[in-house]
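Notes follow the structure.
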Amino acid sequence: MASSKFININLKIWRQKNAKEKGKIETYRLDKVSTDSSFLEMLDQLNEQLVSERKEPVAFDHDCREGICGMCSLFINGRAHGPDTGITTCQLHMRMFKDNDTIFVEPWRSKAFPVVKDLVVDRSAFDRIQQAGGFVSVNTSGNTIDANATPVPKHDADRAFEAAACIGCGACVATCKNGSAMLFVGAKVSQYALLPQGKVEATQRVLNMVRQMDEEGFGNCTNTGACEVECPKGISLENIARMNREYLVASIK
Amino acid sequence: MAKSAILKSSLAKKYWMALTGLFLCLFLVGHLAGNLQLIFSDALHFNEYALFMTTNPVVKLLSYLTYISILFHAVDGIMLTVQNRKARPIRYAKEDSSANSAWASRNMAVLGTLILVFIVTHMVNFWAVMHFDKNMPLQTIHITYQGQEMDMYVTTNDGKYIPTDLSNTGLEIRNHKEFYDAAANLKMAEGIKDLHKITFAFFKDAKYGLIATILYVIAMFVLAFHLLHGFASAFQSLGANNPKYNGLIKGFGKGFAIIVPLLFAIIPVYIHFFAK
């Protein structure tokens with residue numbers, strides 16, 4: 001690419017051997033980073049350099065590298081998924097940085113997301129919340145009916161779809177000053193609550209999912225709106241309000 | 001299940017925070033309406049209003065609700081803050097929170113604590129004096145009676161005045177405001193506490209009046225920032241988020257957050273600098 005250029009950067013990266021040992025920030029110098037490379041490719045480059053120096057490479061989560069799986073995390077320069085909005089870390093490119101920039105790279109910080117190693121955190125708390133109620137108990141043994149047989153208003157279908165776009169990356173928790181998971185849970189509650197198939201179990205679902213969320217040790221939402229800004233999928237605060245409504249109704253039933 | 005959910009869950013704490021917060025917003029409106037009489041009304045009318053506010057049973061009930069709301073709002077807020085701190089045991093080395101959220105929204109606990117400190121001092125300065133101070137002055141008027149100038153106590157009994165010089169009346173003041181016939185041990189009338197005088201003296205005080213005024217204005221700035229986030233936030237917590245009305249709620253909230261503290265702040269400024 002004609003516009004591509006190279007920059008040299010300083011990295012301050014959280015290194016932690018395992019879940020039990022204390023970690024600390026280590027500083028690395030990385031030269032000749034292409035501005036066209038993604039942030040993860042830059043970390044690959046760093047790891048190649050570390051391996052060639054016979055040092056332990058930095059562990060970080062990644063999978064699809066096309067912004068859809070929610071696996072890559074990283075708190076970069078004080079923001080979840082780095083200095084841009086509506087993206088995951090794999091979609092963050094080094095052109096967002098300048099030559100000789102110092103870049104902080106830290107894992108998601110949350111009691112409910114313990115560090116496994118370096119920048120890798122255990123996000124299974126989200127799975128347990130999902131398992132507590134984020135499903136529809138439909139018998140699928142050969143008697144499923146055509147999806148279009150149940151009419152769904154277009155408006156509701158769109159809202160449910162937008163909520164279902166959540167990839168469970170945990171950026172909302174990471175960026176929230178309270179470490180709250182309410183955007184995630186709000187989205188998961190909403191994607192079912194808005195559809196006729198989900199309404200059947202709506203009461204139990206919201207009670208169970210919120211209870212599990214509290215048990216996992218997530219904080220409480222104070223409506224700063226930071227999660228909505230940093231969410232790579234643009235999940236709206238409306239979903240938290242919907243969860244609040246659903247829960248209020250469910251808990252007095 | 002449902003029972004513990006509505007009392008103990010994270011969301012229940014938010015509902016209580018929102019409900020008590022909105023109730024306190026209503027209280028602010030009522031309190032402001034009363035205070036504005038310090039500018040737009042005279043001492044007698046203000047003191048009669050103060051008497052009504054401290055004796056009317058409905059107002060009393062509302063005031064107890066207000067005390068409870070303040071306590072609940074504060075305790076709930078502390079509990080939420082403690083939990084939220086625990087939710088992130090290791091802080092970030094670098095955090096750029098101004099990129100995604102408003103300053104007031106991130107500092108509600110600090111702002112709230114400052115407001116609580118203000119409320120306590122405010123109550124010590126006025127509420128406690130009004131209720132318990134033995135030297136609380138009573139409302140008097142200056143009249144000319146049979147060609148003689150004299151000061152008279154105003155009583156709750158309309159039109160009944162008592163000379164401030166009690167020496168020839170056989171009366172004495174008991175319980176800070178009750179006029180007793182000393183010989184007969186009989187309550188004859190009840191005076192009206194002069195809160196107006198206390199308030200004016202407080203903000204016009206040669207030594208502390210200016211600093212009191214400045215601190216009051218600062219407290220109102222703090223309140224404004226607290227409301228700037230809090231008002232609309234309460235609606236979101238209660239689940240009221242609809243694109244149709246969000247603009248209205250946020251707009252009204254901002255207006256409320258600016259206008260109410262501003263009007264409160266004008267009062268001591270007026271008293272200190274402009275009132276006689």
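Every chain is numbered from 1 and lettered A, B, ... according to where its sequence line falls, protein lines coming before strand lines. These numbers come from the heavy atoms of this one structure, side chains and all, not from hydrogens, waters or symmetry mates.
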- Item | Sorted by number, residues from residues 168-185 of chain A in contact with chain B (heavy atoms, under 4.5 Å) | A:V173, A:A174, A:T175, A:C176, A:K177, A:N178, A:G179, A:M182
- Contacting region of A:I76 [heavy-atom separation from chain B under 4.5 Å]: neither
- Item | Heavy-atom contact with chain B under 4.5 Å, split by part of A:R109 | both
- The interface call for B:R85 against chain A, heavy-atom contacts under 4.5 Å, is neither
- Flag side-chain contact, heavy atom, 4.5 Å: B:K94 against A:F75: no
- Euclidean distance, A:L248 CG relative to B:K14 NZ, rounded to 0.5 Å: 11.5 Å
- Can you find a pair of side-chain heavy atoms, one from A:N244 and one from B:L11, that are under 4.5 Å apart? yes
- Message: With a 4.5 angstrom heavy-atom cut-off, is it the side chain or the backbone of A:E230 that approaches chain B, or both, or neither?
- Response: side chain
- Any side-chain heavy-atom pair of A:L237 and B:Q236 under 4.5 Å: yes
- Measure B:S237 against the heavy atoms of chain A and call it side chain, backbone, both or neither at under 4.5 Å. both
- Kindly compute the distance separating OG (B:S10) from CD (A:E215), expressed to the nearest 0.5 Å. 11.0 Å
- Note on the structure: If you tally heavy-atom pairs under 4.5 Å between each of A:E228, A:E106, A:E216 and chain B, the highest tally belongs to A:E106
- Would you call the rings of B:Y15 and A:Y247 parallel, tilted or perpendicular if under 30° counts as parallel and over 60° as perpendicular? tilted
- Query: Considering only heavy atoms, which portion of A:F218 lies under 4.5 Å from any heavy atom of chain B: side chain, backbone, both, or neither?
  - Reply: backbone
- Against chain B, label A:D214 side chain, backbone, both or neither, depending on which of its atoms sit under 4.5 Å from a heavy atom there. side chain
- Side chain from CB out, backbone as N, CA, C, O: work out which of these in A:P107 comes under 4.5 Å of a heavy atom of chain B, or both, or neither. backbone
- Under a 4.5 Å cut-off applied to non-hydrogen side-chain atoms, are A:Q16 and B:I90 in contact? no
